[in-house]
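The structure under discussion appears below in the form of structure tokens.
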Amino acid sequence: MNLILFGPPGAGKGTQAKRLQETHGIVQLSTGDMLRAEVDSGSELGLRAKEIMETGQLVPDDMIIAMISSRIDQEDCKDGFILDGFPRTKPQAESLDSMLTEKGLDIDHVIEIKVDDDAMIKRIAGRFSCAVCGAGYHDEFQKPEKDGICNQCGGTEFTRRADDNAEAVTARLQAYHDQTSPIFSYYKEKGLMEKVDGMAKIDAVTEQMNALLG
Ligand code: AMP
């Protein structure tokens with residue numbers, strides 16, 4: 001099963017994708033995570049992407065498309081994948097279609113996580129993650145059970161994303177509405193578009209997703 005998750009920054013795509021990865025045995029492919037890994041490694045792609053990402057703009061389509069195409073070819077994607085943060089523009093959606101056709105693959109579900117923009121700014125401003133295992137937390141909504149210690153791995157180092165500041169978040173939301181939302185009609189025409197209420201509690205959103213996926 002291959003699916004696409006849509007939602008503005010902070011909607012919970014990553015959180016839900018990680019849960020689906022565990023329950024459905026399909027791999028989360030987050031273009032944001034892949035780009036951050038490139039930035040950390042100091043690769044040429046990472047150097048080109050760093051500044052663009054920090055200002056909340058979108059990285060050029062050709063860079064993203066090549067990156068995701070080679071990732072889908074890897075062995076761990078053979079039982080299915082969850083696209084988290086891709087496609088983000090109409091050319092990316094069209095390239096995805098032709099790329100999948102060439103590989104003999106299809107998209108089975110496209111799910112939009114619907115949320116309010118104002119709530120997203122609050123959610124993003126407080127989020128941080130474990131520097132060791134990547135578990136996600138929030139200053140207000142999801143603190144570690146023991147202050148300063150990761151629930152999952154016991155790590156004591158935490159990080160915040162460079163683009164989780166008010167200015168970059170505003171640009172990211174703008175990019176979502178201007179460049180990503182227009183793709184919905186593309187998937188509606190294909191009869192694939194579904195949605196869940198992303199303002200519900202995390203578990204309730206997962207339940208809605210599972211109901212759609214069967
Ligand atoms: P995310 O982790 O999905 O919020 O992505 C973080 C940043 O990475 C975005 O604000 C963009 O700068 C860049 N990015 C991630 N995915 C894409 C994509 N599909 N197209 C263009 N830029 C992307």
Side-chain angles (χ1 to χ4, degrees), residues 1-37 53 58-115 117 120 136 172-200 202 204-214:
M1 178 168 59
N2 303 321
L3 54 129
I4 300 175
L5 286 188
F6 280 122
K13 298 185 296 295
T15 304
Q16 296 299 334
K18 283 193 178 67
R19 289 179 166 209
L20 296 176
Q21 175 165 277
E22 276 169 26
T23 53
H24 289 70
I26 48 180
V27 181
Q28 175 196 14
L29 302 183
S30 156
T31 43
D33 284 351
M34 291 180 207
L35 287 169
R36 282 184 285 278
M53 291 171 75
L58 294 184
V59 169
D61 289 338
D62 56 336
M63 285 167 66
I64 297 286
I65 291 161
M67 189 176 77
I68 203 86
S69 177
S70 60
R71 182 65 187 87
I72 287 173
D73 290 339
Q74 290 176 20
E75 181 64 18
D76 60 346
C77 292
K78 71 176 191 330
D79 292 332
F81 50 80
I82 307 157
L83 294 173
D84 160 7
F86 178 88
R88 254 175 158 104
T89 63
K90 185 101 183 285
Q92 289 184 15
E94 289 165 348
S95 299
L96 173 65
D97 264 355
S98 42
M99 170 200 309
L100 292 180
T101 305
E102 267 174 34
K103 296 180 197 293
L105 300 170
D106 248 330
I107 291 294
D108 304 294
H109 294 273
V110 179
I111 303 177
E112 179 197 1
I113 306 183
K114 270 194 89 71
V115 288
D117 272 13
M120 289 314 98
R172 287 158 66 201
L173 284 170
Q174 190 74 39
Y176 181 75
H177 292 300
D178 292 349
Q179 295 175 76
T180 305
S181 306
I183 318 176
F184 296 171
S185 55
Y186 182 80
Y187 289 107
K188 261 183 208 147
E189 277 166 27
K190 292 173 181 284
L192 285 172
M193 203 69 208
E194 298 162 296
K195 63 183 165 205
V196 294
D197 172 16
M199 298 307 293
I202 295 177
V205 179
T206 309
E207 274 170 31
Q208 293 176 54
M209 293 241 178
N210 285 330
L212 291 176
L213 302 179

Closest heavy-atom contact between I82 and A17?
CD1-O, 3.4 Å
Y176 side-chain N/O to G7 backbone N/O, donor-acceptor pair under 3.5 Å
yes
If the condition is side-chain hydrogen bond (donor to acceptor under 3.5 Å, both in side chains), which residues does N210 pass it with, not counting sequence neighbours?
none
Qualifying residues under side-chain contact (heavy atoms from CB on, under 4.5 Å), relative to S95, sequence neighbours excluded:
I65
Going from CG on L20 to CG on L5, what distance comes out if it is rounded to the nearest 0.5 angstrom?
6.5 Å
Quick one: list whatever passes side-chain hydrogen bond (donor to acceptor under 3.5 Å, both in side chains) with H24, sequence neighbours left out.
none
Tell me which pairs pass side-chain hydrogen bond (donor to acceptor under 3.5 Å, both in side chains) where either residue lies in residues 62-73, with sequence neighbours left out.
S69-K103, R71-Q74, R71-D76, D73-K103
If I compare all heavy atoms of P9 with all of R172, which pair ends up nearest, and what's the gap?
CB-NH2, 3.5 Å
Before you tell me yes or no, could you show the steps for I4 and L96 under side chain to side chain contact (heavy atoms under 4.5 Å, CB included), namely the whole-Å CA-CA distance, both residues' side-chain angles and the distance that decides it to 0.1 Å?
CA-CA 11 Å; I4 300 175; L96 173 65; 3.8 Å; yes
Who passes side-chain contact (heavy atoms from CB on, under 4.5 Å) against D117, sequence neighbours left out?
L173, H177
Residue list, side-chain hydrogen bond (donor to acceptor under 3.5 Å, both in side chains) with E112, at least two apart or on another chain
none
I'd like to know if the side chain of N2 reaches the main chain of F81, judged simply by a donor and an acceptor atom lying under 3.5 Å from each other, with no hydrogens or angles considered.
yes
Minimum side-chain heavy-atom gap M99-I68 below 4.5 Å:
yes
Is there a donor-acceptor pair under 3.5 Å between the side chain of Q21 and the backbone N or O of L29?
no
State which residues pass side-chain contact (heavy atoms from CB on, under 4.5 Å) with P182; sequence neighbours excluded, sorted by chain then number.
none
Pairs touching residues 6-33 that satisfy salt bridge (Lys or Arg N to Asp or Glu O under 4.0 Å), sequence neighbours left out:
R19-D203, D33-R36
Partner set under ring pair (Phe, Tyr, Trp, His ring centres under 6.0 Å) for Y186, not counting sequence neighbours:
none
Given 3.5 Å as the limit, does a donor-acceptor pair link the side chain of T31 with the main chain of G85, or not?
yes
Show the nearest heavy-atom pair for residues L58 and A175, with the distance to one decimal.
CG-CB, 4.3 Å
What's the shortest heavy-atom distance between G32 and M53, and which atoms?
O-CE, 4.1 Å
List in chain and number order the residues that pass side-chain hydrogen bond (donor to acceptor under 3.5 Å, both in side chains) with E94, two or more places apart in sequence or in another chain; answer none if no residue qualifies.
none
Write down the atom of M120, the atom of P8, and the distance for their closest heavy-atom approach.
CG-CG, 4.3 Å
Rounded to the nearest 0.5 angstrom, the CG-CG distance for D106 and L100 is 7.5 Å
Are any non-hydrogen side-chain atoms of M67 and L35 less than 4.5 angstrom apart?
yes
For the CD atom of Q174 and the CD atom of Q179, what is their distance to the nearest 0.5 Å?
9.5 Å
Can you measure from CG (D84) to CE (M34) and round to the nearest 0.5 angstrom?
9.0 Å
Please tell me if the side chains of I111 and Q208 come closer than 4.5 Å, counting only heavy atoms from C-beta onward.
no
What pair of heavy atoms forms the shortest contact from I183 to R88, and how long is it?
CD1-C, 3.6 Å
Can you tell me how the ring of Y187 sits relative to the ring of F6, calling it parallel under 30°, perpendicular over 60° and tilted otherwise?
tilted
So how far is it from L83 CG to I72 CD1, rounded to the nearest 0.5 Å?
5.5 Å
Under 3.5 Å donor-acceptor pairs involving side-chain atoms of residues 190-197, not counting sequence neighbours:
residue : atom : partner : partner atom : Å
K190    : NZ   : D97     : OD2          : 2.9
E194    : OE1  : H109    : ND1          : 2.9
D197    : OD1  : M199    : N            : 2.9

For the atom pair OG1 (T206) and CG (L213), what is the distance rounded to the nearest 0.5 Å?
10.5 Å
